Amino acid sequence: MVYLDDRYDRIPSGCSVFGIMNVNRVRFDWRPAVAGIASMHERSNGLGGGFAVYGLYPEYKETMCLHIMYDDRASREETEDYLKDMFRIIHEEKLPVRRTASIFNGPEIKRYFVEPIQDVLVSSEEEYFRCLTMEINRSINGAFVLSCGKDMGIFKGVGYPEDIAEYFRLDEYKGYMWTAHGRFPTNTPGWWGGAHPFGILDVSVVHNGELSSYGANRKFLRGYGYKCVLQTDTEVIAYLYDLLVRKHRLPEEIAMKVMSPPLWDEIERMDEQEKGLYTSLRVTYARAALNGPFSVIIATTKGMAVLCDRLKLRPMVTAKDGEYFIASSEESAIAASGFSIANCYMPRGGEPVFVPLNEKYAEESVAV
Amino acid sequence: MKKFVMPEFMVDIDYTRCNRCGACVRECSFGGLAMNGDTVVGIDENCVNCLRCRYICAKDAVKTIPYPSSFKSNYYWRKEDISDIEKQASTGSALLTGMGNPKDYEIFWDKILINASQVTNPPIDPLREPMELTTYLGSKPDRIELDENGQLLTRLPPQLKLKLPIMFAGMSFGAISYNAFKSLAIASKKLGIYFNTGEGGIPPDLYDYGKNAIVQVASGRFGVNPDYLNAGAAVEIKIGQGAKPGIGGHLPGAKVGKRVSETRMIPEGTDAISPAPHHDIYSIEDLKQLIYLVKEVTCYTKPVIVKIAAVNNAAAIASGIVRAGADIIAVDGFRGGTGAAPKRIRDNVGIPIEFALSAIDQRLKEEGLRDRVSIVASGGIRNAGDVIKALALGADAVYIGTAALIAMGCKMCMMCTTGKCAWGIATQKDELAKRLKPEKAAEQLINMINGWEIEIKDILGGMGMNMIEALRGNRHTLRGLGFNMREHKVLGIKAAGEL
């Protein structure tokens with residue numbers, strides 16, 4: 001196992017991304033997501049793959065679930081002591097895995113369903129869990145929180161995404177939304193935590209690209225209590241989204257406009273009201289703007305957001321097929337996932353696409 | 001024995017080329033040339049190497065060269081040291097000088113290198129793609145609030161909008177000529193940036209340029225009145241200056257002619273003395289009162305800048321200045337220029353802007369104050385490379401003074417104190433000032449800024465950025481060459497070769 005190494009601030013990587021959701025929250029199995037991401041095998045190099053699944057734990061829908069990865073027993077014991085101080089653990093277990101031909105030496109990963117002990121709550125429940133996640137990642141050597149959210153979870157590791165799916169036995173789960181990632185890092189410490197998706201609370205991000213603005217974004221986030229320690233520029237996207245949407249209560253599209261702002265020339269041509277809005281946003285959130293090539297799929301329990309850099313230096317295509325919304329690096333992957341490419345749309349550079357999930361949760365799971 | 005002062009330069013006239021037109025003699029404002037009958041002769045001890053004669057001579061007949069005769073070579077007691085003592089032994093006074101610190105301290109800009117994109121991140125070609133340098137200076141709110149209909153609830157505090165993150169530093173009418181002052185005003189207006197009036201007020205007929213002016217309030221309070229404060233786009237309270245931290249200013253009465261006297265609101269011919277401190281600011285809480293006095297007078301419509309010199313505890317002072325209500329902090333490094341300063345102060349006091357800027361940016365970030373204020377760095381910004389580095393070290397914009405003067409025609413002879421500037425810049429003598437044509441000088445300023453703009457866009461694009469916001473405080477884009485560990489820590493940058 002290779003540990004997080006202080007020498008690296010971040011590791012640039014190229015990638016494939018894929019996301020699919022049923023807008024009515026009908027749960028479906030792994031096949032479309034795995035078929036989609038596997039068809040883009042050439043875009044990754046076996047050094048990272050992962051999935052975020054929403055609607056994952058209907059039996060624990062209102063309970064916070066943590067997926068935590070451990071390098072060794074010491075880090076697990078330290079983390080569990082910490083958790084026991086802060087939470088009532090409703091249920092805990094090792095994440096079931098299946099040894100595959102290419103992945104057989106993964107770290108220990110456990111999941112915990114926890115409730116905070118009421119009197120330790122100092123702010124909102126979300127803020128409490130966010131701080132906890134960051135605290136574990138930062139201060140407990142060898143422990144890493146893969147995900148911390150309700151009715152969702154992240155599975156990821158070093159390998160091709162289709163092998164990772166096999167390893168984590170994703171065929172045994174269902175979800176109403178799946179995002180997937182195949183990674184092509186140009187420099188790797190071979191660390192499981194470095195794979196995508198990256199998550200904070202119920203926000204998960206799969207990202208193809210590199211942020212030239214990383215240093216500025218990281219500094220901006222630090223001012224709001226987010227510490228970036230994971231050697232990847234992707235985490236800043238997750239944190240920015242969490243800050244802007246959850247804490248600053250900006251609508252999703254506006255939050256995305258903060259991250260990929262309109263050109264000043266475009267703002268100049270807007271009507272007075274819009275001009276005022278976008279000028280204020282761009283001036284206030286100057287350091288939250290993302291620059292450099294990227295295309296991302298951001299998933300939350302509210303829906304799926306798709307965003308590209310303003311010059312669209314990385315690919316992204318979306319499709320609608322009945323109740324399903326799909327986003328992918330390549331159109332062929334949508335076809336490979338078994339859906340129609342008749343209603344494809346290529347979001348323009350900087351154009352925010354947000355597709356909300358319906359509020360109602362469909363109890364019946366329906367196979368695709 | 002004849003009184004002899006060791007000259008710095010020798011005026012060398014090539015009589016095979018000289019046609020004895022006498023132009024060099026007429027143009028030399030320092031008395032470095034004279035006619036002896038119909039022969040031009042150099043008067044070496046008066047020559048300051050302003051090069052006016054060299055540029056004016058149609059026959060290429062005149063040269064200025066370092067004076068060949070000197071004191072016996074001594075690594076420790078150099079010519080300048082000996083000459084300074086000779087001057088003081090004969091006059092008994094402090095030595096005065098002009099322009100920025102010329103000493104051979106290390107130049108830290110030149111030990112910092114900039115990153116570029118390769119493969120994983122495509123460089124952006126400024127010829128094909130939009131490159132955005134628009135900059136807003138001022139205090140930023142913590143967040144934007146919208147109502148249920150998506151309408152803006154948050155009101156942005158007053159901002160300065162710049163087409164690119166460069167402004168002209170404070171140079172007062174008095175230190176520089178009316179024509180030089182006007183050149184800066186014209187150029188700023190055309191460039192969509194700002195010039196700083198320095199502490200000498202605005203000549204009444206230049207109030208039209210107020211929209212592009214930052215009006216300064218310094219310890220002498222020259223020319224300060226409500227109309228003046230409201231004429232500018234922002235108000236700068238000048239606490240200190242990089243060239244002379246800890247002391248005030250002195251404009252000799254000889255330079256206070258009619259126009260300067262009217263603008264500064266002082267009698268003609270009197271010395272204009274700015275005290276070392278503001279006598280209503282003996283501590284930070286007093287500064288707060290002045291900041292809010294200015295805000296009251298300007299009805300909270302203009303950002304207030306507080307300018308300090310780069311000194312050891314600049315970071316702590318900056319933190320106090322933000323808490324006192326300033327919208328922008330300007331910090332001026334020890335290479336910053338001046339119209340006049342005591343030589344020992346200029347050459348020995350203050351710290352480099354690179355370090356002060358980094359320390360301030362990091363301190364404000366740690367205290368969660370960084371977005372409440374913009375930082376303007378100044379003091380020796382020489383080119384677009386320095387601008388990029390300053391921005392990456394945390395500046396929101398830079399002030400340039402010396403570079404602007406050079407664009408207008410200054411040849412860096414550093415004789416500003418004498419008021420004899422042969423190029424019409426640092427002088428109040430009408431016959432000299434008229435040598436500078438405001439329209440022409442403004443054009444040269446605009447050309448220089450346009451050139452820098454192209455270079456900034458090239459470098460930015462090379463880093464895979466097309467908006468200047470991505471560069472601000474982005475130390476990941478910089479690497480250091482030959483810094484020691486402590487310097488690395490202060491600058492917050494890694495060594496070349498580190499990932």
Side-chain angles (χ1 to χ4, degrees), chain A residues 5 7-14 184-187 209-220 222-225 243-244 247-251 253-254 258 261 263-268 273 276-277 279-294 309-311 313-314, chain B residues 115 117-124 128-130 132-138 140-146 150-152 154-157 159 161 163 361-362 364-371 392 394 396 460 463-478 492 494 498-499:
Chain A
D5 187 328
R7 280 181 305 158
Y8 304 110
D9 268 318
R10 57 169 180 159
I11 294 128
S13 59
F184 196 136
T186 44
N187 182 332
E210 185 179 331
L211 302 180
S212 321
S213 56
Y214 173 72
N217 305 141
R218 174 173 145 143
K219 185 168 142 178
F220 171 81
R222 206 171 137 187
Y224 291 88
L243 173 75
L244 296 170
K247 293 176 82 173
H248 289 186
R249 299 181 193 288
L250 295 177
E253 283 92 348
I254 295 286
V258 166
L263 296 170
W264 285 115
D265 284 351
E266 293 174 297
I267 294 175
E268 206 52 50
Q273 205 172 324
L277 172 64
T279 303
S280 296
L281 287 170
R282 213 174 152 178
V283 166
T284 305
Y285 294 115
R287 286 169 227 263
L290 304 176
N291 208 189
F294 68 87
D309 67 271
R310 308 186 303 172
L311 303 179
L313 295 167
R314 292 288 158 94
Chain B
N115 192 32
S117 299
Q118 299 289 291
V119 186
T120 57
N121 188 344
I124 297 171
R128 286 175 51 121
E129 309 291 353
E132 300 190 297
L133 305 185
T134 302
T135 297
Y136 280 80
L137 300 180
K140 311 292 188 289
D142 285 343
R143 57 174 287 199
I144 292 289
E145 276 187 88
L146 306 178
Q151 302 298 313
L152 204 54
T154 310
R155 269 189 62 190
L156 217 51
Q159 305 282 322
K161 181 184 176 186
K163 283 240 179 74
D361 179 58
Q362 301 205 62
L364 295 182
K365 189 173 69 184
E366 279 159 23
E367 295 189 17
L369 296 172
R370 184 60 188 85
D371 285 315
D396 290 279
L460 207 59
M463 287 193 280
M465 299 174 183
N466 74 341
M467 53 169 125
I468 198 81
E469 292 97 316
L471 176 66
R472 293 233 163 75
N474 194 341
R475 291 176 163 77
H476 292 269
T477 59
L478 302 179
K494 295 181 174 177
E498 282 187 294
L499 190 63

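As the structure is a prediction and not an experimental result, all values here were calculated from the model. Proteins come first, then strands; the chains are lettered A, B, ... in the order of their sequence lines, and each starts at number 1.
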Item to check | Shortest non-hydrogen contact from B/Asp142 toward A/His248 | outcome: O-CE1, 3.6 Å
Checklist outcome for this item: Per-residue tally against chain B (heavy atom, under 4.5 Å) across A/Gln273, A/Arg310, A/Arg249 peaks at A/Arg310
Nearest 0.5 Å, please: how far is [atom2] in [Y] from [atom1] in [X]?
| X | Y | atom1 | atom2 | result |
| --- | --- | --- | --- | --- |
| A/Ser213 | B/Met467 | OG | CE | 6.5 Å |
| B/Ile144 | A/Leu250 | CD1 | CG | 8.0 Å |
| B/Thr135 | A/Trp264 | OG1 | CH2 | 9.0 Å |
| B/Asn474 | A/Arg287 | CG | CZ | 10.5 Å |
| A/Thr279 | B/Leu152 | OG1 | CG | 9.5 Å |
| B/Arg143 | A/Leu243 | CZ | CG | 9.0 Å |

Is any side-chain heavy atom of [Y] closer than 4.5 Å to one of [X]?
| X | Y | answer |
| --- | --- | --- |
| A/Thr284 | B/Thr154 | no |
| A/Arg222 | B/Glu366 | yes |
| A/Lys219 | B/Arg475 | yes |
| B/His476 | A/Arg218 | yes |

Could you check which of [options] has the highest count of heavy-atom pairs closer than 4.5 Å to chain A?
| options | answer |
| --- | --- |
| B/Leu471, B/Leu146, B/Asn466, B/Ile124 | B/Asn466 |
| B/Pro122, B/Gly368, B/Ser117 | B/Pro122 |
| B/Glu145, B/Arg472, B/Gln159, B/Arg370 | B/Arg370 |
| B/Met465, B/Lys140, B/Glu132 | B/Glu132 |

Next on the checklist: Does B/Asn121 form a side-chain contact (heavy atoms from CB on, under 4.5 Å) with A/Ser212? I'd like the steps, not just the answer.
Outcome noted: CA-CA 8 Å; B/Asn121 188 344; A/Ser212 321; 3.1 Å; yes
Checklist entry - If you draw a 6.0 Å radius around CD in A/Glu253, do more than 12 non-hydrogen atoms from other residues or ligands fall strictly inside? => result yes
Please look at [X] and chain B and tell me whether the side chain, the backbone, both or neither of the residue comes under 4.5 angstrom of a heavy atom of that chain.
| X | result |
| --- | --- |
| A/Phe294 | neither |
| A/Leu263 | both |
| A/Leu290 | backbone |
| A/Leu277 | both |

Checklist entry - Is B/Glu469 salt-bridged to A/Arg282, going by a charged N under 4.0 Å from an acidic O? => result yes
